[in-house]
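One structure below.
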Amino acid sequence: EETEVSEEVRREIQKKDSFFIINGFAQKLFQEYLLKTNEGRAIGLSYFKERGFLESTVEKWGLGYAPEDRHFLFNELKQGGYNLELAHELGLLKENRDFFHSRIVFPIRNLSGKIIGIGARTLSSNKRIPKYINSPESEIYNKRKTLFGLYFAKTAIRKKDTCYMVEGYTDVISLHQNGIENVVASSGTALTVEQIKLVKRFSENITVVYDGDSAGINAALRGLDLILEQDMNVRLLLLPDGEDPDSYVRKVGHTSFTEYVSENSKDFILFK
């Protein structure tokens, strides 16, 4: 009886390990493509540089570029002898073609830094193409339980005893690059109880940062109620009109941004 259970458990663990290995392989390929090919540098890297990202930032966060060629990753996985069925399950492949193509790539990590999914943004201005697409949920990736950037932010959240919650990947990375590291994003979902509990492991204090023209204020208020229910202290920060955390920190720099936060973040109860 016991051996059967442990056999099953062993297989589960093995499968998860394979998932991490395949995701890691894909991420490295996308990063190499970004940094070492003409297409990657001209389209992907130039976008990141426009956003003010240093190459060291691109490397630290594992950013990449998925080329136009819909068989790029498929061929590499096949040649490397990787399990294509698992790559389909992870959503890297769809019907033997690459799911991510012609997009910049943001790896999504779990708390221990392993890559559990990918977020990818199109650089095309075609309105019919969704701006962001994400890996589908899998045994290793659950959107409700994931915060973008937490792996890189957890030490700073504990040290500063507060966590900034922003909306997008680039907001997180930009703030980190400017020395504000206690920041995460709920990327692509309204804030969930699971995400709030993740933060709570490192600090009881959350400051939710919204863009100056955020359509998300109502969603924000719902999220804030959830945070209060978890017995956490929550503050709300509205940025000046038309600014998002990324644009604002680049405009005013680390010190002024931090000052703005401490002068303008309001206790949620008062705000409400």
Side-chain angles (χ1 to χ4, degrees), residues 23 26-27 29-31 33-34 39-53 57-58 61-70 72-73 90-94 97-109 115-138 141-144 146-150 164-177 183-192 195 208-220 222-223 239 241-251:
N23 272 344
Q27 181 269 321
L29 274 178
F30 291 146
Q31 176 143 66
Y33 203 94
L34 174 81
E39 185 192 346
R41 292 184 74 89
I43 303 171
L45 196 59
S46 66
Y47 171 81
F48 286 133
K49 293 213 156 138
E50 238 165 73
R51 297 303 294 246
F53 290 0
T57 300
V58 168
W61 289 82
L63 308 178
Y65 180 75
E68 222 171 292
D69 172 12
R70 296 284 311 257
F72 165 71
L73 182 60
L90 283 169
L92 288 169
L93 302 178
K94 205 173 179 179
R97 298 174 72 185
D98 296 4
F99 178 61
F100 299 104
H101 64 98
S102 321
R103 287 173 178 267
I104 49 170
V105 166
F106 299 86
I108 298 163
R109 297 171 193 271
I115 294 166
I116 52 176
I118 281 175
R121 181 194 199 281
T122 179
L123 300 177
S124 154
S125 50
N126 180 346
K127 290 281 174 266
R128 291 201 308 277
I129 299 171
K131 191 166 164 187
Y132 280 96
I133 57 175
N134 264 59
S135 297
E137 304 244 312
S138 68
Y141 179 47
N142 179 338
K143 287 193 183 73
R144 296 182 59 85
T146 304
L147 284 168
F148 180 77
L150 186 55
Y164 299 129
M165 181 74 65
V166 297
E167 290 189 80
Y169 304 129
T170 45
D171 294 325
V172 172
I173 298 171
S174 213
L175 287 171
H176 269 258
Q177 184 176 281
V183 53
V184 298
S186 70
S187 59
T189 63
L191 201 55
T192 66
Q195 290 168 334
V208 182
V209 185
Y210 281 91
D211 308 352
D213 50 1
S214 176
I217 289 298
N218 283 328
R222 279 199 302 280
L239 291 174
D241 242 4
E243 300 282 2
D244 59 34
D246 171 30
S247 66
Y248 195 56
V249 75
R250 282 195 291 151
K251 192 192 258 175

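Just the heavy atoms: all of them, side chains too, but no hydrogens, waters or symmetry mates, feed the values below. Nothing fancy with the numbering, it's 1 onward along the sequence.
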Side-chain donor-acceptor contacts of residues 122-130 below 3.5 Å, not counting sequence neighbours, with atom names and distances?
unit_1 : atom_1 : unit_2 : atom_2 : d
T122   : OG1    : S124   : N      : 3.0
S124   : OG     : N126   : N      : 2.9
N126   : OD1    : R128   : N      : 2.8

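Screening F48, F148, F53, W61 for a ring pair (Phe, Tyr, Trp, His ring centres under 6.0 Å) involving Y169 leaves a single residue, F148. No option in N134, N23, T146 other than N134 meets the side chain to side chain donor-acceptor pair (under 3.5 Å) test with Y141.
How far CD of E39 is from CG of D69: 8.5 Å, rounded to the nearest 0.5 Å. Between L147 atom CG and Q195 atom CD the span is 4.5 Å, to the nearest 0.5 Å. Between the NZ atom of K143 and the CD1 atom of I116 there is a distance of 10.5 Å, given to the nearest 0.5 Å. Between M165 atom CE and L191 atom CG the span is 5.0 Å, to the nearest 0.5 Å. In this structure, CG in L29 is found 12.5 Å from CG in L34, a value given to the nearest 0.5 Å. How far CG of L63 is from CD1 of I173: 4.5 Å, rounded to the nearest 0.5 Å.
Between the side chains of S174 and D171, no donor-acceptor pair is found at a separation under 3.5 Å.
Remark: the backbone N or O of V105 is not paired with any side-chain donor or acceptor of Q27 at under 3.5 angstrom. A distance-only check finds no donor-acceptor pair linking the side chain of D98 to the backbone of F100 [under 3.5 Å]. Between the side chain of E243 and the main chain of K251, no donor-acceptor pair closer than 3.5 Å is present. A donor-acceptor contact shorter than 3.5 Å is absent between the side chain of R109 and the backbone of L150.
Of all heavy-atom pairs between P245 and V166, the closest is CG-CG1, 3.8 Å. For P107 against G62, the heavy-atom pair with the smallest separation is CG-O, 3.1 Å. Closest approach of G149 and V172 over heavy atoms only: CA-CG1, 4.3 Å. Residues N142 and R144 approach most closely at OD1-N, 3.0 Å, considering heavy atoms. Across all non-hydrogen atoms, the minimal contact from A185 to G168 is CB-O, 3.8 Å.
I118 has its side chain within reach of L92: a pair of non-hydrogen atoms, C-beta onward, lies under 4.5 Å apart. In this structure the side chain of V183 reaches within 4.5 angstrom of the side chain of H176, judged on heavy atoms. Considering only heavy atoms from C-beta on, I133 comes within 4.5 Å of R103 through its side chain. Using a 4.5 Å cut-off on side-chain heavy atoms (C-beta onward), L45 and Y65 make no contact. By the 4.5 Å heavy-atom criterion applied to side chains, S135 and F99 are not counted as neighbours.
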* To do: Quick one: do Q177 and T57 satisfy side-chain hydrogen bond (donor to acceptor under 3.5 Å, both in side chains)? Show the steps, please.
  => CA-CA 7 Å; Q177 184 176 281; T57 300; 2.5 Å; yes
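The salt bridge (charged side-chain N to carboxylate O under 4.0 Å, His left out) pairs that include a residue from residues 40-49 are R41-E55, K49-E55, where partners are two or more places apart or lie in different chains.
With sequence neighbours excluded, the residues satisfying side-chain hydrogen bond (donor to acceptor under 3.5 Å, both in side chains) with R70 are H101.
No more than 12 heavy-atom neighbours from other residues, nucleotides or ligands sit within 6.0 angstrom of CD on E68.
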